[in-house]
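Indexing begins at 1, ligand by ligand and atom by atom, following the structure's order.
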Amino acid sequence: MGSTIEMQLAGRTAFVTGGAQGIGAAVVRAFAGAGARVCVADIDGERARALAGDVGGGAIGVACNVAKRDDVERAVAEAIARFARIDILVNNAGIIRPAMLHKMTDEEWNAVLDVHLAGSFHGLQAVAPAMMERRYGRIVNVTSTAGVQGTIGQINYSAAKAGIVGLTMSAARELAPYNITVNAVAPGAATSMTETIRTDSRFRDKYLARIPLGRWAEPAEIAPVFVFFASDAASYVTGQVLAADGGMTIR
Ligand SMILES: NC(=O)c1ccc[n+]([C@@H]2O[C@H](COP(=O)([O-])OP(=O)(O)OC[C@H]3O[C@@H](n4cnc5c(N)ncnc54)[C@H](O)[C@@H]3O)[C@@H](O)[C@H]2O)c1
């Protein structure tokens with residue numbers, strides 16, 4: 001049996017979007033390790049199911065494109081059919097479509113806004129009504145240093161991630177009377193999303209120099225922040241953005 005800290009999500013159920021790899025997969029593993037039953041929802045359904053099988057503890061995997069409302073509603077219904085309820089939502093799914101401002105197409109702009117911003121909105125709307133009825137919920141969104149400081153070559157991503165900060169604070173205010181907390185994590189980790197800026201010699205040294213801790217985190221190092229927001233240890237914390245970014249956003 002685990003200690004109190006290890007089992008701080010015992011008996012809880014969670015829905016994690018983009019959970020098949022990277023930070024999402026680390027969150028799935030940490031949640032399962034903390035005692036939660038987890039629904040891994042990812043556009044890559046095969047990978048989501050494989051991870052669910054690997055972590056065990058009653059985890060399930062479902063194919064879900066968060067940009068599509070119907071898909072999110074269907075995936076949430078599948079999770080509820082299995083778990084009876086969803087206590088924790090993590091809106092983590094993400095993509096990048098980098099291009100300089102003057103070259104960015106509508107397609108690149110819309111793709112990123114649809115997955116990050118509309119995707120988080122779809123997740124919120126799919127789980128919030130039942131959470132409101134039960135007077136309990138923990139929602140964790142994922143923003144980025146790009147959303148609070150801006151970045152070069154990703155105006156779509158920065159705008160979406162800044163939008164997620166606003167969405168987090170507004171949802172936190174609206175849902176607080178129902179004992180539902182809504183917070184956001186601004187991570188920095190070695191995943192496929194950051195591969196180019198970590199390995200390409202044109203970017204590597206410049207980006208590393210921006211991190212006071214002097215290294216990229218493994219996704220598993222970021223996951224405990226999600227466990228904290230999802231747990232009752234954070235029962236009085238809402239509407240906050242916590243940067244787990246090696247100090248990149250120290251001002
Ligand atoms: N890695 C970092 O340093 C960093 C920094 C800031 C923010 N983030 C954010 O963290 C989150 C996770 O990123 P990551 O680094 O683990 O990236 P990743 O590319 O490793 O993982 C993203 C996951 O999202 C899934 N996905 C993509 N589009 C989807 C869709 N439409 N519907 C459902 N799932 C979809 C992918 O299949 C993948 O499993 C993202 O929101 C990202 O913007 C990451």
Side-chain angles (χ1 to χ4, degrees), residues 15-30 39-52 61-76 79 89-98 110-123 126 140-151 154 156-165 167-168 184-199 203-204 207-208 210-211 213 215-223 225-226 241-249:
F15 188 91
V16 180
T17 73
Q21 69 169 42
I23 292 168
V27 170
V28 167
R29 290 187 186 283
C39 177
V40 187
D42 201 286
I43 198 162
D44 187 339
E46 210 168 297
R47 210 173 213 181
R49 281 185 285 274
L51 178 62
V62 295
C64 169
N65 178 356
V66 296
K68 296 189 173 164
R69 173 181 292 282
D70 291 356
D71 242 38
V72 177
E73 286 172 358
R74 180 195 40 76
V76 164
L89 166 68
V90 178
N91 281 317
N92 163 79
I95 57 167
I96 49 170
R97 294 286 182 274
N110 289 329
V112 168
L113 270 287
D114 285 352
V115 173
H116 289 274
L117 197 50
S120 299
F121 174 56
H122 294 154
V140 189
N141 297 321
V142 181
T143 181
S144 167
T145 55
V148 290
Q149 293 187 328
T151 188
Q154 296 210 60
N156 49 0
Y157 183 78
S158 301
K161 289 307 201 187
I164 286 172
V165 174
L167 170 138
T168 298
V185 179
T191 66
S192 56
M193 188 177 278
T194 52
E195 192 174 346
T196 304
I197 56 172
R198 284 183 295 107
T199 58
F203 308 110
R204 199 180 47 212
Y207 274 88
L208 201 55
R210 288 175 52 195
I211 307 175
L213 283 177
R215 63 182 177 83
W216 288 88
E218 288 306 316
E221 246 180 304
I222 310 290
V225 177
F226 288 78
V241 177
L242 202 162
D245 63 358
M248 230 188 295
T249 43

Just need the protein heavy atom nearest to atom 32 (N) of ligand 1, so name the residue and atom and give the distance.
V66 N, 3.0 Å
Identity and separation of the nearest protein heavy atom to atom 6 (C) of ligand 1:
P187 O, 3.2 Å
Which option out of [options] puts a heavy atom nearest to [atom]?
{"atom": "atom 40 (C) of ligand 1", "options": "N92, I23, V115, D245", "result": "N92"}
{"atom": "atom 17 (O) of ligand 1", "options": "Q21, M193, M248", "result": "M193"}
{"atom": "atom 22 (C) of ligand 1", "options": "G22, A26, G94, P219", "result": "G94"}
{"atom": "atom 31 (N) of ligand 1", "options": "V72, T17, N65, D44", "result": "N65"}

So, does [X] sit close enough to ligand 1 that a heavy atom of it is under 4.0 Å from the ligand?
{"X": "T194", "value": "yes"}
{"X": "D114", "value": "no"}
{"X": "K161", "value": "yes"}
{"X": "K68", "value": "no"}

Heavy atoms from other residues, nucleotides or ligands near CD of Q149 exceed 12 (cutoff 6.0 Å):
yes
For ligand 1, indicate whether the residue V142 contacts it via side chain, backbone, both or neither (heavy-atom separation under 4.0 Å).
side chain
I need the contact type for A25 against ligand 1. Using non-hydrogen atoms and a strict under-4.0 Å cut-off, is it side chain, backbone, both or neither?
neither
Evaluate N141 against T168 for side chain to side chain donor-acceptor pair (under 3.5 Å), listing each step before the verdict.
CA-CA 7 Å; N141 297 321; T168 298; 3.0 Å; yes
Could you grab the distance from atom [atom1] of [X] to atom [atom2] of [Y], nearest 0.5 Å is fine?
{"X": "N65", "Y": "D42", "atom1": "CG", "atom2": "CG", "result": "9.5 Å"}
{"X": "I43", "Y": "I95", "atom1": "CD1", "atom2": "CD1", "result": "8.0 Å"}
{"X": "N156", "Y": "K161", "atom1": "CG", "atom2": "NZ", "result": "11.5 Å"}

